[in-house]
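Start at 1 and go down the list; that is how both ligands and their atoms are numbered.
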Amino acid sequence: MTSTETMAAGVGLDDAALQAKAKDHLWMHFARQSVMEDGSGVPIIVRGEGHRVWDIQGKEYIDGLAGLFTVNAGHGRKRLADAAARQAEQLAYFPIWSYAHPAAIELADRLASYAPGDLNRVFFTTGGGEAVETAFKLAKYYWKLRGKPTKHKVISRSIAYHGTTQGALALTGIPEMKAMFEPLTPGGFRVPNTNFYRAPEHGDDLEAFGQWAADRIAEMIEFEGPDTVAAVFLEPVQNAGGCFPPPPGYFQRVREICDEYDVLLVSDEVICAFGRIGQWFACDEYGYEPDMITCAKAMTSGYSPLGACIVSEKVYEPFKHGEASFPHGYTFGGHPVSTAVAMENLDIFEEEKLNERVRENSPLFRAELETLLDLPIVGDVRGAGYFFGIELVKDKATKETFNDEESERLLRGFLSRALFEAGLYCRADDRGDPVIQLSPPLTIGPTEFAQIREILHDVLTRAWAQL
Ligand SMILES: Cc1ncc(COP(=O)(O)O)c(C=O)c1O
């Protein structure tokens with residue numbers, strides 16, 4: 001075997017040597033480097049097949065998070081690797097800066113056919129944060145070209161995550177991720193999210209709560225001045241905080257507000273697109289038409305990096321004729337290999353009817369997880385499609401949450417490790433109240449739902465006992 005084949009198979013890899021190299025040189029993302037120093041090291045994953053991955057010691061795990069909300073078609077798809085190799089042999093790289101290549105053209109055409117209404121124009125990036133950054137810059141520029149140069153502010157929701165570049169971070173509603181980088185791009189304003197479990201108003205009426213939450217957007221636009229607001233960025237189902245689906249009627253009211261105040265609506269579908277909610281684009285599930293969609297992750301199921309900002313004819317119109325161009329782009333945006341892989345990935349989705357599969361199985365997944373509500377530590381189970389959050393509480397009756405020290409002990413000290421040791425890779429998160437997040441490959445079904453539930457039941461029972 002070549003060294004690449006050996007690595008791919010996870011055979012003969014020297015855990016200690018890799019741990020030493022990682023400790024000396026690898027800077028992990030969003031992680032404490034101290035785990036490298038204190039001897040516990042970093043879990044090294046070497047292989048994936050379907051919904052399962054294996055670590056360097058050969059131990060098997062259920063991939064309960066599809067990598068990072070990404071590997072929707074599952075691991076180990078040879079045909080995706082072959083598609084990448086074919087494209088790399090034929091044309092490994094060419095930019096889409098004033099030029100084009102067939103894979104980018106075909107994929108743009110295909111995404112436009114999946115997208116709702118007249119969202120027909122596709123601007124490729126290499127990932128989600130860049131897609132958000134693109135939409136943010138485009139919104140500002142659009143209003144300048146429309147003769148409204150003061151419309152530059154952007155509204156998003158509390159605890160929402162939209163990426164790490166300084167513009168996307170200005171949209172991100174998690175102060176602990178931003179404080180150290182202030183001042184960020186100015187003009188980001190926050191409104192309440194749709195966490196019904198902790199609804200500050202209308203806690204007994206989901207629809208009324210949704211109208212209330214949507215109306216906070218109108219209020220913020222009024223506070224800031226409609227002439228200063230360019231766009232609202234919302235995820236169909238907000239991830240950070242633990243899966244907040246929109247109440248019925250929420251997005252219809254948001255659309256009305258955006259139309260009333262001449263504000264663009266951006267649907268950030270970096271997680272929710274490509275089957276996560278059982279549709280190509282989740283805005284279809286909730287019956288609204290945004291002005292732009294940002295997407296990435298599962299467009300290639302993670303086999304190659306790619307993102308996109310899909311734009312309506314209205315937003316594209318000022319660029320259609322004359323001298324206006326959008327002075328923005330990325331060397332690897334719309335990369336030939338990534339776009340070819342995306343085409344093959346979407347073929348898999350169609351052939352295996354993955355969207356339909358999610359719609360059909362989602363109620364079973366939910367029902368399985370809802371049995372966990374019998375545990376004293378489980379306060380809420382919420383989500384949609386194959387995308388669920390389980391909120392953990394100290395007191396179910398009062399919904400009292402954990403303090404910082406307890407949360408640290410519970411999530412970092414116990415849960416993350418215990419779940420992993422029990423064979424389930426998922427996320428225990430405290431960007432908001434503590435939640436366990438599940439977002440597995442779309443290929444799983446009832447057998448795996450039950451396995452996931454068993455592991456969670458056991459680990460959460462032990463978590464409660466050691467509190
Ligand atoms: C809703 C949302 N927007 C943007 C991003 C940023 O995407 P990326 O990490 O590809 O830059 C993420 C990442 O998880 C996301 O969930």
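In this structure, Asn345 contributes its side chain and Ala298 its backbone to a donor-acceptor pair below 3.5 Å. Proximity of a side-chain donor or acceptor of Tyr303 to a complementary backbone N or O of Gly76 within less than 3.5 Å is detected.
With sequence neighbours left out, the side chain to side chain contact (heavy atoms under 4.5 Å, CB included) criterion links Gln279 to Asp284, Glu285, Arg359. By the side-chain hydrogen bond (donor to acceptor under 3.5 Å, both in side chains) test, Glu317 pairs with Arg146, sequence neighbours left out.
Listed by first then second residue, pairs satisfying side-chain hydrogen bond (donor to acceptor under 3.5 Å, both in side chains) with a partner in residues 116-129 read Asn120-Glu313, Arg121-Glu313, Thr126-Glu130, not counting sequence neighbours.
No donor-acceptor contact under 3.5 angstrom links the side chains of Lys140 and His152, judged on distance only.
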When you pair each N or O of ligand 1 with protein N or O atoms, which pairs come out under 3.5 Å?
residue: ligand 1; atom: 3 (N); partner: Asp268; partner atom: OD1; Å: 3.4
residue: ligand 1; atom: 3 (N); partner: Asp268; partner atom: OD2; Å: 2.8
residue: ligand 1; atom: 7 (O); partner: Gly129; partner atom: N; Å: 3.1
residue: ligand 1; atom: 10 (O); partner: Gly128; partner atom: N; Å: 2.8
residue: ligand 1; atom: 11 (O); partner: Gly129; partner atom: N; Å: 2.7
residue: ligand 1; atom: 14 (O); partner: Lys297; partner atom: NZ; Å: 3.1

